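Read the structure below first, then the notes.
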Amino acid sequence: AQKITQTQPGMFVQEKEAVTLDCTYDTSDQSYGLFWYKQPSSGEMIFLIYQGSYDEQNATEGRYSLNFQKARKSANLVISASQLGDSAMYFCAMKGYDRDDKIIFGKGTRLHILP
Amino acid sequence: DAGVTQSPTHLIKTRGQQVTLRCSPISGHKSVSWYQQVLGQGPQFIFQYYEKEERGRGNFPDRFSARQFPNYSSELNVNALLLGDSALYLCASSLLGWGLGNTEAFFGQGTRLTVV
């Protein structure tokens, strides 16, 4: 069975600082994908970044990067130069590539950016 | 291009009633998945439909059903509503139904269902 663990229920970070959101996962699949989503109070789940299990380089998308350590089964999200608009709930998620598109989510980390 | 659109955005129903939620995927996307997100939790997978066929089903009772139409839009139906069905219902669309090339999953803004 697949499982995502996010151990930080909430974080407070000063504006313009970098922040790392932790994520560990468990799976017996050989091939899988890891995602990070941002969910503001409006409720929409906004796709941030994707990392495939066979990708050798860490994924980056603008201010977002994914620190992928396969042996440790961790997929931490790094946000550089945080902004007030980054305040939201962040979810780490994964899916295998069996026969369906099911995404397994963690419980999330609520990030607060302080001015 | 329009993203994933869901309707309605908010809904209040009484226990025992039935509800239908709607989702239109991104143009060209053939896969639609439904998720339930109760307050304080991450989303839980309910169904996936690809090319009008059910590809996956989560651990939800038979009161939950869904279907996909020829234009790839989808409906989620919930019968005999319980207070515990109160949640944000999210729809996700992706180009492919599964497989290593399926690296995207885009979500709609959700339908917030309150059962009273």
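Bear in mind the structure is a predicted one, so any value in this text is a computation, not a measurement. Below, chain A is the first sequence line, B the second, and so on; all start at residue 1.
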Starting from [Y], can I reach [X] by hopping between I/L/V/M/F/W/Y residues whose side chains sit under 4.5 Å apart?
X: A:Phe47; Y: B:Leu88; answer: yes
X: B:Tyr49; Y: B:Phe45; answer: no
X: B:Ile46; Y: A:Met94; answer: no
X: A:Tyr90; Y: A:Phe68; answer: yes
X: B:Ile26; Y: B:Trp34; answer: no

Tell me, with the steps shown, if A:Phe91 and B:Gln37 meet side chain to side chain contact (heavy atoms under 4.5 Å, CB included).
CA-CA 12 Å; A:Phe91 289 96; B:Gln37 186 180 18; 3.3 Å; yes
How about [atom1] on [X], more than 12 heavy atoms from neighbouring residues, nucleotides or ligands closer than 6.0 Å, or not?
X: B:Asp62; atom1: CG; result: no
X: A:Gln14; atom1: CD; result: yes
X: B:Leu82; atom1: CG; result: yes
X: A:Lys70; atom1: NZ; result: yes
X: B:Leu39; atom1: CG; result: no
X: B:Arg15; atom1: CZ; result: no

Max heavy-atom pair count under 4.5 Å with chain B, selected residue of A:Pro9, A:Ser42, A:Gly43, A:Gly33
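Most heavy-atom pairs within the cutoff with chain B belong to A:Gly43.
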Can you check whether anything in residues 76-86 of chain A gets within less than 4.5 Å of chain B, heavy-atom wise, and list it by number?
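Counting heavy atoms that sit under 4.5 Å from chain B, no residue of residues 76-86 of chain A is involved.
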Sort by residue number and list every member of residues 105-112 of chain A having a non-hydrogen atom under 4.5 Å from chain B.
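Counting heavy atoms that sit under 4.5 Å from chain B, the residues of residues 105-112 of chain A involved are A:Phe105, A:Gly106, A:Lys107.
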How long is the gap from CD on B:Gln44 to CD1 on A:Ile104, to the nearest 0.5 Å?
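Answer rounded to 0.5 Å: 7.5 Å.
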How many angstroms lie between atom CZ of B:Arg57 and atom NZ of A:Lys102, to the nearest 0.5 angstrom?
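Result: 12.5 Å between the selected atoms.
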Per-residue contact mode, A:Gln6 against chain B (heavy atom under 4.5 angstrom):
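Contact with chain B involves no heavy atom of A:Gln6 at all.
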Going by the rule side chain to side chain contact (heavy atoms under 4.5 Å, CB included), which residues pair with B:Glu51 if we only count those two or more places apart in sequence or in a different chain?
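Scan of B:Glu51 (side chain to side chain contact (heavy atoms under 4.5 Å, CB included), adjacent residues dropped) gives B:Lys30, B:Tyr72.
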Specify which of B:Ser33, B:Ala105, B:Gly110 makes the most heavy-atom pairs with chain A at under 4.5 Å.
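Maximum pair count with chain A is reached by B:Ala105.
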Mind ranking B:Pro43, B:Gly108, B:Gly42 by heavy-atom pairs under 4.5 Å with chain A and telling me who comes out on top?
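Most heavy-atom pairs under 4.5 Å with chain A: B:Pro43.
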All ring pair (Phe, Tyr, Trp, His ring centres under 6.0 Å) counterparts of B:Phe64, not counting sequence neighbours:
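With neighbours one apart ignored, the set is B:Phe60.
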Counting only heavy atoms closer than 4.5 Å, note whether B:Gln6 contacts chain A via side chain, backbone, both or neither.
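The answer is neither part of B:Gln6.
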Atom group of B:Phe47 that falls short of 4.5 Å from chain A, counting heavy atoms:
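No part of B:Phe47 comes within 4.5 Å of chain A.
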Are the side chain of A:Tyr37 and the backbone N or O of B:Phe107 linked by a donor-acceptor pair below 3.5 Å?
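No; judged by distance alone, with no hydrogens or angles, the pair does not exist.
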